[in-house]
Amino acid sequence: MARKLKGIAAARGVAIAPIVRFHPTLEHIPTWKVAEAAIDAERSRFTNAVAAVAASLMALQQEIAGSIGKHDARIYDAQLAILQDPSFRRDVEAEVRAHQVNLEVALQRVIARYEGVFAAMENAAMRDRAADLRDIGRQLVGALMAQARQKYTSNGADYLFAAEEFLPSDAGILDRAHIRGIVTAHGGKYSHGAILARSLGIPAVVGVDQVMLESTTGTMAIVDGDAGLVLLDPSPDELRDYERRAREQRAIDRRIAEVRFQPSVTPDGTQVQLLANVEGVRDLEALEIDAIAGIGLFRTEFAFMERRQFPTEDEQMAMYRRAMDGARGKPVTFRTLDVGGDKPLGYFKMPEERNPVLGWRGIRLCLDWPDILYSQVRAILRASALGHARILLPMVSSRAEVARCRDVLDQLTADLRATGVPYDPKIELGVMVEVPVLVPVLPEVLPLADFVSVGTNDLVQYLLAVDRDNQRVAKMYDPFHPGVLRVLREIAATAKAAGKPASICGEIAGDHWFTPFLVGLGYRELSMAPVFLPRVKLMLRSFTIVECEDLAARAMAMPSTAAVRKLVQDEIQPRWASQLGAEETRR
Ligand code: PEP
Ligand code: MG
């Protein structure tokens, strides 16, 4: 019998392969035992990390000397001196050897000891040196982690990715041809890593607390992305059972996929546009564009995250132009850079924030750094001449922010006009509804916007006050909450009254159990990861508009999330099963 670990089902499907462990992020320092034979390897990791940190400190020092002054640049001398201090090195190496711990742990311990000494000193200036030490420790551990999380090549063998977290930037390190499943110790179903796993069609289970302790690289495992289970060292019977299930699932998926070129209408003729969410041009080019109405969400930040520095306007233009070509005249909704929160940019230093999700992210950051916004919007405008581009603003919380973005757009179009550069003068500007306070002020915001798109991933986390990345409260992150449905209803009704289209681009748009509710609440545009399109279309074709409206009205009036889920179970699941003529009812 396998050791079974329970987690959160994040991306459906079954994967069977050996685990490959990836080292975690700075917040989760890895711990492992270092045998005598591995001590030399730790020593050379230390040398490399010191060299990397020293090089970046010297570069920073030079930059500061140029922009602020030589005197201020001297503050880095203290850090460089610690780095090059032979007794620091000796202490760290002694810690590794004496306690058989890895370098990351040894570093933390030695630095904590030094800090204690400085903190006890009477001289305030010396006490302040403790901060320098902490900073050095952080940079060294960061450099060690960066070495550990480089692009991975599996040499032709299938594997399961295991780590503390799956970060959006990790998409770049995967060996796409051989990755079969993902399992992480942290994260929730609506974390960006989970969203990415779903878009890539890779089965994933997140929030499996024990996975890094219980497994090693090479441990054979089954990732059950439907039940949220990970089975370590499965028995031959368990392997056979899961292989059979995976085969059956593939057969059902093939049947569902047959609807993909049929019209997306309810049985009584209400059209609902189904669009795709993409993370980059590669995703877009891999799409069957004829089967969809367009791109409802192009998360541009992923292309920024894969690089080592900000892309120039021309580089962005080239990318957006490829997207326009790939979409063949269908709309492409470019969301402006949405970094911050759980999507950091390695080359753009962000302040450490206590609550990053409530912090400097999305449009807030771009309005504070208008250069980023200007070059991105200009690049989108230049590409817009080639097709149907739309601009979408993330994390908007006030009318004033939209007004400022409108000004930017007006300035840029005037400039392009004056210089004879072609662009689409009718380009639409949309607003994401993710921050709850935008809902009551939508009537004042809508005159400045051409469309709205509801980002339910963030909206739900803010409405419920539940962090979408925190597995401890993951159970409470439930979009079926009747309060959420009522807010969604209000958004749709306000947009309709203003004559502006409203779509949903959060993950619930791709959850087929939600489809009758969303249609019943008034949404006629749903944008989702392409893998979900056939399921959502099949569901759409199963309920009349009258049935959808009735289901939505009843769900909104329910007293609890559990009651809404029961409604799904009693009235939506049986219809789905009869459509499929199969037992595919699990959610
Ligand atoms: C959302 O919040 O629903 C959304 C679509 O944006 P993201 O998931 O990229 O934050
Ligand atoms: Mg969002």
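Numbering of ligands and ligand atoms starts at 1, following listing order. Hydrogens, waters and symmetry mates are skipped; everything else that's a heavy atom, side chains included, is used. Residues: numbered from 1 along the sequence shown. Note that the coordinates shown come from a computational prediction; the quantities given were computed from them, not determined experimentally.
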Region of [X] that comes within reach of ligand 1 [heavy atoms, distance under 4.0 Å]:
| X | value |
| --- | --- |
| Glu507 | neither |
| Glu279 | neither |
| Val454 | neither |
| Arg335 | side chain |
| Leu297 | side chain |

- Message: Under a 3.5 Å cutoff, is there a donor and acceptor pairing between the side chains of Ser264 and Gln271?
- Response: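 The criterion, which ignores hydrogens and geometry beyond distance, is not satisfied for Gln271 and Ser264.
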
- Query: Does a side chain donor of either Asp478 or Thr561 reach within less than 3.5 Å of an acceptor in the other side chain?
  - Reply: no

- Can any side-chain N or O of Asn355 pair as donor or acceptor with the backbone N or O of Leu358 at less than 3.5 Å?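 Here the side-chain-to-backbone pair does not exist.
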
- Message: Checking the side chain of Gln249 only, and the main-chain atoms of Gly13 only, is there a donor and an acceptor separated by less than 3.5 Å?
- Response: no

- Message: Before you tell me yes or no, could you show the steps for Glu444 and Arg399 under salt bridge (charged side-chain N to carboxylate O under 4.0 Å, His left out), namely the whole-Å CA-CA distance, both residues' side-chain angles and the distance that decides it to 0.1 Å?
- Response: CA-CA 7 Å; Glu444 288 88 59; Arg399 183 182 194 277; over 6 Å; no

Provide the number and element of each atom of ligand 1 under 4.0 Å from a heavy atom of [X].
| X | value |
| --- | --- |
| Cys505 | 5 (C) |
| Gly506 | 3 (O) |
| Gly455 | 1 (C), 2 (O), 3 (O) |
| Ile195 | 8 (O) |
| Glu434 | 1 (C), 2 (O), 4 (C), 6 (O) |

- Arg535/Asp253 ion pair, N-O < 4.0 Å: yes

- Return yes when Met395 approaches ligand 1 closer than 4.0 angstrom through a heavy atom, no otherwise.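 Flag not set, Met395 not near ligand 1.
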
- Task: Using a cut-off of strictly less than 2.8 Å, determine whether Asp458 has an N/O/S atom near the Mg ion (ligand 2).
- Result: yes

- Do Thr456 and ligand 1 have an N or O pair less than 3.5 Å apart?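 Indeed, backbone or side chain, Thr456 has an N or O that close.
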
- Task: Kindly confirm or rule out an N or O of Glu301 lying under 3.5 angstrom from an N or O of ligand 1.
- Result: no

- Query: In a check of side chain to side chain contact (heavy atoms under 4.5 Å, CB included) between Leu459 and each of Ile504, Ile491, Val484, Val435, which one passes?
  - Reply: Ile491

- Check whether more than 12 heavy atoms from other residues, nucleotides or ligands sit under 6.0 Å from atom NZ of Lys6, and answer yes or no. yes

- Task: Specify whether Phe161 and Phe166 have parallel, tilted or perpendicular ring planes, treating 30° as the upper limit for parallel and 60° as the lower limit for perpendicular.
- Result: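 If you compare the ring of Phe161 with that of Phe166, the planes turn out perpendicular.
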
- With the Mg ion (ligand 2) as the point of reference, which N/O/S atom of Glu434 is the closest?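 The nearest such atom is OE2.
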
- re atom 7 (P) of ligand 1, the protein heavy-atom contact at minimum distance is His192 NE2, 3.1 Å

- Aromatic ring centroids of Trp369 and Phe348 under 6.0 Å?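 They qualify: ring centres under 6.0 Å apart.
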
